Amino acid sequence: EPVEFDDFNVALSVLSVLSTIATLGLEKYALRCVPVYRERSDWGHLQGFYRFAVIATLAGSCVLVVGSALTMLLIQVPGGHSFAFRQVLLYLPVIATALLAVELATANGQQLPAATAYRLLQPLLFAVALGVLVHWDHGLTLVNILNGYGLAWSGCLVVLTWLMRRHTP
């Protein structure tokens with residue numbers, strides 16, 4: 001339906017903005033400090049920065065989810081709030097952390113694998129997840145699309161986490 005398509009686009013747009021805010025700029029800072037820690041073989045500070053960045057991103061995401069949920073409760077919209085928006089909020093911590101992981105892997109010297117995960121693996125996982133959900137649920141619905149999108153980012157995060165653990169002392 002056209003209304004569901006509009007809701008989906010608005011939800012993804014808002015998700016894009018919120019996931020950028022949720023990382024607190026740490027993904028860009030990683031591009032500066034991670035190579036320095038690696039060059040100095042300062043593995044303790046490198047691991048500490050990884051932990052801090054992930055925890056801060058998850059905390060920022062959760063604050064944004066709770067803040068968005070409270071805003072939806074306090075502000076009444078004619079016709080109600082978009083189901084799509086409420087659904088994608090659940091995936092915000094995963095997506096923000098995956099975006100952080102892309103930059104951490106890039107800063108860690110894994111530019112090609114990080115770009116491959118972000119540009120190829122995530123869309124491929126989305127297509128596979130969507131195909132499975134459509135087959136399982138017998139139809140292309142907004143719920144299946146949103147869950148497929150979130151599951152694809154979850155799979156991408158798992159691969160990026162494995163990549164980081166494999167290439168970080």
Side-chain angles (χ1 to χ4, degrees), residues 8-72 84-133 145-169:
F8 177 71
N9 283 329
V10 169
L12 285 188
S13 297
V14 172
L15 181 66
S16 179
V17 171
L18 292 179
S19 63
T20 300
I21 294 168
T23 60
L24 307 172
L26 291 168
E27 81 283 12
K28 299 307 176 202
Y29 184 67
L31 296 172
R32 297 186 80 197
C33 74
V34 169
V36 171
Y37 291 147
R38 288 187 64 78
E39 183 178 317
R40 294 179 184 166
S41 298
D42 192 349
W43 309 123
H45 279 103
L46 181 64
Q47 292 292 338
F49 176 76
Y50 286 164
R51 278 190 298 278
F52 170 74
V54 169
I55 290 168
T57 298
L58 288 171
S61 298
C62 290
V63 166
L64 289 170
V65 168
V66 169
S68 298
L70 289 174
T71 301
M72 286 189 287
F85 180 67
R86 292 188 312 246
Q87 183 79 13
V88 296
L89 273 179
L90 298 176
Y91 289 109
L92 178 62
V94 169
I95 293 171
T97 306
L99 291 171
L100 172 70
V102 168
E103 298 299 338
L104 289 175
T106 299
N108 198 34
Q110 299 301 311
Q111 295 90 343
L112 185 58
T116 301
Y118 180 61
R119 297 290 181 190
L120 296 176
L121 180 64
Q122 193 276 338
L124 178 65
L125 289 175
F126 179 47
V128 169
L130 193 57
V132 169
L133 289 169
I145 293 169
L146 295 171
N147 285 330
Y149 189 75
L151 290 171
W153 275 110
S154 301
C156 193
L157 178 58
V158 167
V159 169
L160 287 164
T161 301
W162 170 80
L163 180 69
M164 291 298 299
R165 289 178 188 233
R166 188 167 173 246
H167 292 284
T168 303

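Computed from a prediction, not measured in an experiment: that's the story for all the values here.
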Partners meeting ring pair (Phe, Tyr, Trp, His ring centres under 6.0 Å) with Tyr50 (sequence neighbours left out) = none

Which residues share a ring pair (Phe, Tyr, Trp, His ring centres under 6.0 Å) with Tyr91, sequence neighbours left out | none

For Ala101 and Leu157, the nearest pair of non-hydrogen atoms, with its separation, is CB-CD1, 4.1 Å

Would you give the length of the straight line joining atom NZ of Lys28 to atom CG of Leu100, rounded to the nearest 0.5 angstrom?
-> 10.0 Å

Nearest 0.5 Å, what's the CD-CG distance between Gln87 and Asn147?
-> 4.5 Å

Any idea which heavy atoms bring Gln111 and Gly109 closest together, and the distance?
-> OE1-O, 3.0 Å

Residue pairs passing the ring pair (Phe, Tyr, Trp, His ring centres under 6.0 Å) test where at least one lies in residues 15-42, sequence neighbours excluded | Tyr29-Phe49, Tyr37-His45

Rounded to the nearest 0.5 Å, how far apart are CG of Leu89 and CG of Leu15?
-> 7.5 Å

With sequence neighbours excluded, what pairs up with Ser16 under the side chain to side chain contact (heavy atoms under 4.5 Å, CB included) test?
-> none

Check residues 55-66 and write down every donor-acceptor pair under 3.5 Å in which the side-chain atom is one partner and the other belongs to a residue at least two apart or another chain.
{"unit_1": "Thr57", "atom_1": "OG1", "unit_2": "Ala53", "atom_2": "O", "d": "2.8"}
{"unit_1": "Ser61", "atom_1": "OG", "unit_2": "Thr57", "atom_2": "O", "d": "2.8"}

Taking side chain to side chain contact (heavy atoms under 4.5 Å, CB included) as the test, write out the residues that go with Ser154, two or more places apart.
-> Val94

So CG of Leu46 and CZ of Arg40: to nearest 0.5 Å the spacing works out to 12.0 Å

Contact check, side chains of Ile95 and Val88, non-hydrogen atoms, under 4.5 Å | no

Check side chain to side chain donor-acceptor pair (under 3.5 Å) between Thr106 and all other residues, then give those that pass, not counting sequence neighbours.
-> none

Over all heavy atoms of both residues, which pair between Val34 and Leu104 is shortest? Give the atoms and the distance, please.
-> CG2-CD2, 4.4 Å

Which residues pass the side chain to side chain donor-acceptor pair (under 3.5 Å) test with Thr23, sequence neighbours left out?
-> Glu27

Which atom names give the shortest non-hydrogen contact between Ala114 and Leu160, and what distance separates them?
-> CA-CD2, 4.2 Å

Any side-chain heavy atom of Leu146 sitting closer than 4.5 Å to one from Tyr149?
-> no

Closest non-hydrogen contact found for Leu133 with Gly148 is CD1-N, 3.5 Å

Shortest non-hydrogen pair, Ala30 vs Pro35, comes out as O-CD, 3.5 Å

Listed partners of Leu125 passing side chain to side chain contact (heavy atoms under 4.5 Å, CB included), at least two apart | Leu121, Ala152

Side chain to side chain donor-acceptor pair (under 3.5 Å) involving Asn9 - partner list, sequence neighbours excluded | none

With Gln122 via side chain to side chain donor-acceptor pair (under 3.5 Å) - residues at least two apart = none

Does a side-chain heavy-atom distance below 4.5 Å link Thr97 with Trp153?
-> no

To the nearest 0.5 Å, what is the distance between CG (Leu31) and CG (Leu26)?
-> 11.0 Å

Those residues that, when tested against His167, pass ring pair (Phe, Tyr, Trp, His ring centres under 6.0 Å) (two or more places apart) = none

